[in-house]
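In what follows, a structure is listed as structure tokens, so that the remarks can point back to it.
It should be emphasised that the depicted structure is a prediction, and the values quoted were computed from it without experimental measurement. Both ligands and their constituent atoms are indexed starting at 1 by order of listing.
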Amino acid sequence: MSYSANLRLDVGQETELPVFIGSEGERALDIDKLRAGTGLVTLDESFGNTASCRSAITYLHGEKGILRYRGYPIEELAEKSRFVEVAYLLMYGDLPTSGQLEDFSSILNSSSLIHEDMRHFFLAFPNNAHPMSLLTTMVASLSAFYPVPENPSDEDEAQIIANLVSQVRTIAAFSYKKFIGEPVVYPSYKLRFVENFLNMMFSSPVSNYQQDQDIVKAIEAFLIVHADHEQNCSTSAVRIAGSSLANVYAVISAGISALWGRRHGGANQEVIAMLKTIQHSGDDGRLFLEAAKSKKTRLMGFGHRIYKTFDPRALIMKKLCHRILGKPGMSDPMFDIAMRLEEAALSDDYFLSRNLYPNVDFYSGLILKAAGIPFDMFTVLFAIGRTPGWLAHWREMRHDAGNRIARPRQIYIGPGLRSYIPVGTREKHSVGVMRRTSTKISRIPEKYLDHPDPGDEAPESV
Ligand code: CMC
């Protein structure tokens, strides 16, 4: 059955627009012919109400707190699956058979080394460079070492996917070694994906890393819950860059760059900064909530563009915190602060009336901290997890025969037609650039910060 909607304009025009219905009943007005029929475009700043594509990868219901990859609930995958299996699922649509999993693991293993010449690049970075800056640069550099044919065959595509899933992890660990000034540890065929990463991070020529299976499982779950999240900021960046048919390594690098920001993947780092500053200030969190309510800062790890209830990933992360931090010798006072903050926020009308609930980042940083992952690597871990999702979207797009270059329109709000004035005869005048007032994310109040970001507006103190 097909549906349509009638649009009546005040100029007496009427037009019929088809309604597209997704497999879970989501309805979307198809405006493809709107401009041709009426001269109108739609205005939807920040894409709050725009479906930019049809995708069969991930289903998300923000009001019900549902997240499924290819139909499988995230809770089940996080509990029972392995990251490599989930990567395969996202990419190819079904959970792998044991033979398929073996083949996939084997190509990941054989693709895990980066070209040895690339190691020299690491030396050229300053020692204190943020690992995300190394990651985004190095991933773009892969394009020079692993040329991509103009029309990749299925085998080429499988190799590209394996390179990226595996090498993002290797580059991440090498970046950390650069950061702390230790020699890199190479990946090993004998270790599984997560163990391999932890070994590359924490082994050194003088000591072997002892794997703790609870930590391995927790990192596995962390990567799984981050593996895809439909058209978020970085995935949209990947789709937009990929739609120009740019080199896939550059495309994934664009995703990594978009992820870095604190409104997106960078939030997991900000949450720990927030909890730390609350802990050190002696505030029980109330001052911070008040600052968030008066817009002097934001409660990091709270709120989401799509979820208007609990982010299901946050619930998984919280459960894992209980499991890991409940182990003898593993407790973390920041977890207690986080739970108190959550409780206080969820009894406050400011947060309830705006449907602001904990998102994945509220508890995920505590898991990483417990695993010994350094603060500056948090967003890098998110990137390792998200790489299969970005690639699945890139792959879905390139196999979609109707795919065109992404090219949104805009509504121009600048000056009207003007004539050029030679420089000496110009009068001093101010340029009337119109600015839209926007809600800016102010950071954690300065007095709470160990290292205020010089690039940000100094927030008022609370
Ligand atoms: N603390 C205090 N107030 C908030 C918060 C927050 N964390 N988030 C939103 N609000 C308020 C905001 O001030 C606005 O209030 P008002 O209606 O009075 O102007 C209202 O809620 C709606 O906010 P918005 O900025 O229009 O919401 P958005 O959908 O554009 O932003 C968000 C979503 C995630 C960027 C935002 O909630 C936020 O900045 N949260 C903190 C950062 C964070 O945790 N990010 C991780 C997101 S989940 C992981 C990922 O996908 O990368």
Side-chain angles (χ1 to χ4, degrees), residues 44-50 58 60 62-63 65 67 74 132 222-223 225-238 255-275 278 285-318 338 341-342 344-346 348-368 378-386 389-390 436-445 448 453 456 459 462:
D44 181 21
E45 291 181 81
S46 315
F47 311 119
N49 198 37
T50 292
T58 287
L60 202 164
E63 280 73 31
L67 173 60
I74 192 65
M132 281 299 278
F222 172 94
L223 297 179
V225 302
H226 286 85
D228 193 44
H229 213 229
E230 50 120 289
Q231 305 313 316
N232 57 86
C233 177
S234 57
T235 305
S236 299
V238 162
I256 294 170
S257 301
L259 184 75
W260 194 353
R262 64 180 171 276
R263 284 180 176 178
H264 191 11
N268 56 14
Q269 211 179 319
E270 296 286 333
V271 171
I272 297 295
M274 172 183 79
L275 296 176
I278 291 175
R286 239 172 301 172
L287 266 180
F288 203 94
L289 286 185
E290 287 311 315
K293 285 160 64 176
S294 56
K295 317 279 190 201
K296 288 175 182 149
T297 184
R298 283 204 170 184
L299 181 57
M300 299 311 290
F302 252 71
H304 198 275
R305 173 63 60 81
I306 308 288
Y307 292 121
K308 298 304 163 204
T309 179
F310 281 93
D311 175 343
R313 305 167 301 170
L315 296 173
I316 294 169
M317 289 293 104
K318 187 177 179 184
L341 262 183
E342 178 193 328
L346 296 183
D348 191 309
D349 191 54
Y350 173 92
F351 294 92
L352 290 175
S353 62
R354 289 170 178 76
N355 298 314
L356 300 171
Y357 289 84
N359 62 49
V360 65
D361 293 316
F362 197 65
Y363 290 108
S364 67
L366 291 167
I367 301 282
L368 299 183
F378 284 13
T379 313
V380 173
L381 268 279
F382 192 153
I384 299 174
R386 185 55 56 88
W390 290 327
R436 173 181 169 267
T437 48
S438 64
T439 320
K440 182 179 183 324
I441 292 194
S442 49
R443 297 195 65 188
I444 298 164
Y448 280 135
D453 179 350
D456 226 30
V462 285

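- At under 3.5 Å, not a single nitrogen or oxygen of H229, backbone or side chain, sits near a nitrogen or oxygen of ligand 1.
- In terms of polar-atom proximity, defined here as any N/O pair under 3.5 Å, T297 makes no such contact with ligand 1.
- Distances below 4.0 Å separate heavy atoms of G265 from the following atoms of ligand 1: 52 (O).
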Test side-chain contact (heavy atoms from CB on, under 4.5 Å) on L289 and Y350; report intermediate values, then the result. CA-CA 10 Å; L289 286 185; Y350 173 92; over 6 Å; no
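- Only the side chain of L356 comes within 4.0 Å of ligand 1, counting heavy atoms alone; its backbone N, CA, C and O stay farther away.
- Every atom of ligand 1 with a heavy atom of G301 under 4.0 Å away is listed here by number and element: 43 (C), 44 (O).
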Would you check, one step at a time, whether the test side-chain contact (heavy atoms from CB on, under 4.5 Å) holds for M132 with V380? CA-CA 6 Å; M132 281 299 278; V380 173; 3.6 Å; yes
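- For ligand 1, the atoms closer than 4.0 angstrom to any heavy atom of R263 are 45 (N), 46 (C), 47 (C).
- In this structure, N49 places its CG atom where only 12 or fewer heavy-atom neighbours from other residues, nucleotides or ligands lie under 6.0 Å away.
- With sequence neighbours left out, the side chain to side chain contact (heavy atoms under 4.5 Å, CB included) criterion links A237 to A258.
- Considering both main-chain and side-chain atoms, A292 never comes within under 3.5 Å of ligand 1 through any nitrogen or oxygen pair.
- Under 4.0 angstrom from ligand 1, there are no non-hydrogen atoms of F362.
- Residue D361 has no nitrogen or oxygen atom sitting less than 3.5 Å from a nitrogen or oxygen atom of ligand 1, judged on distance alone.
- Those atoms of ligand 1 with a heavy atom of A267 less than 4.0 angstrom away are 43 (C), 44 (O), 45 (N), 46 (C).
- At least one N or O atom of F302, backbone or side chain, sits closer than 3.5 Å to an N or O atom of ligand 1.
- Polar contact with ligand 1: present for Y350 (N/O pair, distance under 3.5 Å).
- Checked for salt-bridge contact, E270 and R298 miss the test: no charged N lies under 4.0 Å from a carboxylate O.
- Interface atoms of ligand 1 facing R354, defined by a heavy-atom separation under 4.0 Å, are 11 (C), 15 (O), 16 (P), 17 (O), 18 (O), 20 (C), 21 (O).
- H264 and F382 have perpendicular rings, their planes meeting at more than 60° on a 0 to 90° scale where under 30° would count as parallel.
- No N or O atom of K308 sits closer than 3.5 Å to an N or O atom of ligand 1.
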Set out, in order, the CA-CA distance, both residues' side-chain angles and the distance that settles side-chain contact (heavy atoms from CB on, under 4.5 Å) for I316 and Y363, then state yes or no. CA-CA 9 Å; I316 294 169; Y363 290 108; over 6 Å; no
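- N359 meets the side chain to side chain contact (heavy atoms under 4.5 Å, CB included) test with H304, D311, D361; sequence neighbours excluded.
- Every atom of ligand 1 with a heavy atom of R305 under 4.0 Å away is listed here by number and element: 28 (P), 29 (O), 30 (O), 33 (C).
- Contacts of K295 with ligand 1, taken as heavy-atom pairs under 4.0 Å, involve the side chain alone.
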